[in-house]
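Letters A, B, ... are given to chains in the order of the sequence lines, protein chains preceding strands, and every chain is numbered from 1.
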2 protein chains.
Amino acid sequence: MPPHEHPAAADSARELIAAHGGRVTRTRVAVIEALQRSAHPLSHDEIGATLDGAGIGHDRVTLYRALDWLVEQGIAQRIAGGERAWRFEIRRDGDHRHAHFHCERCGQIVCLEDVPAAAPTLPAGFAVARAELVLHGACADCGRAGVEGKEG
Amino acid sequence: MPPHEHPAAADSARELIAAHGGRVTRTRVAVIEALQRSAHPLSHDEIGATLDGAGIGHDRVTLYRALDWLVEQGIAQRIAGGERAWRFEIRRDGDHRHAHFHCERCGQIVCLEDVPAAAPTLPAGFAVARAELVLHGACADCGRAGVEGKEG
DNA sequence: AATCTAATGCTACAATGTTGCATCAAAAGC
DNA sequence: GCTTTTGATGCAACATTGTAGCATTAGATT
Ligand SMILES: [Mn+2]
Ligand SMILES: [Mn+2]
Ligand SMILES: [Zn+2]
Ligand SMILES: [Zn+2]
């Protein structure tokens, strides 16, 4: 890649990693870019598939550790979602924690950017670090096709 | 047990099961009573330990299935919580779905009965079946002892 | 008591995530 | 550019949480 290039997505990921004092590896770069490209939080498996697509060797453990590191550094955040697997999304700049919607039909998690996950007032003594608000139901796509259950 | 006894907790559980057309088994009765006694949602393992204590043979699978059945029947409900295991709590009468607090220090889940888990207005097409609101942080007990991390 | 079948107990398996350790390679030093 | 350092990886083995199939048991009904 020649110089005189305006900072592309690839560079952003590299810089992001370096800025946090980590080593810039193919895996980390690819994971960050996958998260940046995605409109919704990705599961470990989905990210793994992306790495496959990019021809990047991916050991399960390495991927878990890469994701752990991104979360530790505050570059990404973990979403509990409805199923048993974590999902991950990149942390944007003016980041206010938002709610998520879990579709019980297609299994997808949708970011509800406009719905804040705000912590209400709690009994004395409780210190809230973060709030997670997850709505479960049928997403717009799934609701449209077949209200009577039929298919998925 | 003699007659002329006012309906105790044990009977309630039996009646609850029968009312839903299920067979009254030791496992189901013990599980319901454990949930009824507990002030906070219980994990599968915690319930299993209770059964042990009551000298009731408990196969992992049976317990999972008993809990599934209770949830299907609307007798109990599942809480996602912060960790990877489901937790279960009994469904009370005038039951409004409430928020939960997950203490990241002691791992406990606390019911916030007074904090409703209300679903906000969503984009058109989304059908919300239920809302889950989980606050993460340090509970009153854990916050009190040692703000500086030290121990748990 | 005999019958019917829902629930159980077992085994085997799947999915998700973790630990330990040898090896590799990114970044720094020369 | 070559060497050194150590963070990151890859592999094997394991832990936890949850499911599926199927023979057996026991709760309810007659
Ligand atoms: Mn999101
Ligand atoms: Mn509760
Ligand atoms: Zn959907
Ligand atoms: Zn606590």
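Protein chain B contacts DNA chain D from D:dT17 to D:dA28, reading 5' to 3' and using non-hydrogen atoms of the protein with a distance under 4.0 Å.
Judged as a salt bridge (Lys or Arg N to Asp or Glu O under 4.0 Å), and not counting sequence neighbours, the contacts of B:R87 are B:E46. For B:F88, the ring pair (Phe, Tyr, Trp, His ring centres under 6.0 Å) test picks out no residue, with sequence neighbours left out. Checked against ring pair (Phe, Tyr, Trp, His ring centres under 6.0 Å), B:H98 has the following partners two or more places apart in sequence or in another chain: B:H100. By the salt bridge (Lys or Arg N to Asp or Glu O under 4.0 Å) test, B:R91 pairs with B:D95, sequence neighbours left out. Partners of B:D52 by side-chain contact (heavy atoms from CB on, under 4.5 Å), not counting sequence neighbours, listed by chain and number: B:H58.
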Sequence neighbours left out, cut at 3.5 Å: what donor-acceptor pairs do the side chains of residues 64-75 of chain B make with other protein atoms?
{"from": "B:D68", "atom 1": "OD1", "to": "B:R78", "atom 2": "NH1", "distance (Å)": "3.4"}

Using atom types as modelled, flag every donor-acceptor pair under 3.5 Å from a side chain in residues 106-120 of chain A to any protein atom, sequence neighbours excluded.
{"from": "A:Q108", "atom 1": "OE1", "to": "A:H40", "atom 2": "ND1", "distance (Å)": "3.0"}
{"from": "A:Q108", "atom 1": "OE1", "to": "A:H40", "atom 2": "NE2", "distance (Å)": "2.9"}

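Within residues 65-79 of chain B, the residues having any heavy atom under 4.0 Å from DNA chain C are, by residue number, B:R65.
For the pair A:L35/A:R37, no side-chain contact is recorded, criterion being any heavy-atom separation below 4.5 Å from C-beta on. Side-chain atoms of B:R97 and B:Q77, non-hydrogen and from C-beta on, do get closer than 4.5 Å to each other.
Rounded to an integer number of Å, the gap from CZ of B:R60 to P of C:dA14 is 15 Å. The nearest whole Å value for the distance from the CG atom in A:D59 to the C1' atom in C:dT18 is 12 Å. Atom NE2 in A:H44 sits roughly 11 Å away from atom C1' in C:dA15 (whole-Å rounding). For the pair A:R87 CZ and C:dG17 C1', the computed distance is 16 Å after rounding to whole Å. Between the CD1 atom of A:I47 and the P atom of C:dG17 there is a distance of 11 Å, rounded to whole Å.
Annotation: the terminal axes of the helix from C:dA1-D:dT30 to C:dC30-D:dG1 meet at 30°, where each axis is the rotation carrying the C1' atoms of four end pairs onto the next four (5 pairs per end, rounded to 10°).
The side chain to side chain donor-acceptor pair (under 3.5 Å) contacts involving residues 116-138 of chain A comprise A:H102-A:H136, A:R130-B:E104, A:E132-B:H136, A:H136-B:E132, where partners must be two or more places apart or lie in separate chains.
A distance of 11.5 Å separates CG in B:L133 from CZ in B:F101, rounded to the nearest 0.5 Å. B:L63 contributes atom CG, which lies 9.0 Å from atom CG of B:D45 (distance to the nearest 0.5 angstrom).
Side-chain N/O atoms of A:W86 include one lying less than 4.0 angstrom from OP1 or OP2 on C:dG17.
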Given protein heavy atoms under 4.0 Å, the one-letter contact record of nucleotides 22-30 of chain C, with B base, S sugar-phosphate only and - none, is simply ---BBS---
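Taking each heavy atom of A:A99 and A:L135 in turn, the nearest pair found is CB-CD2, 4.3 Å.
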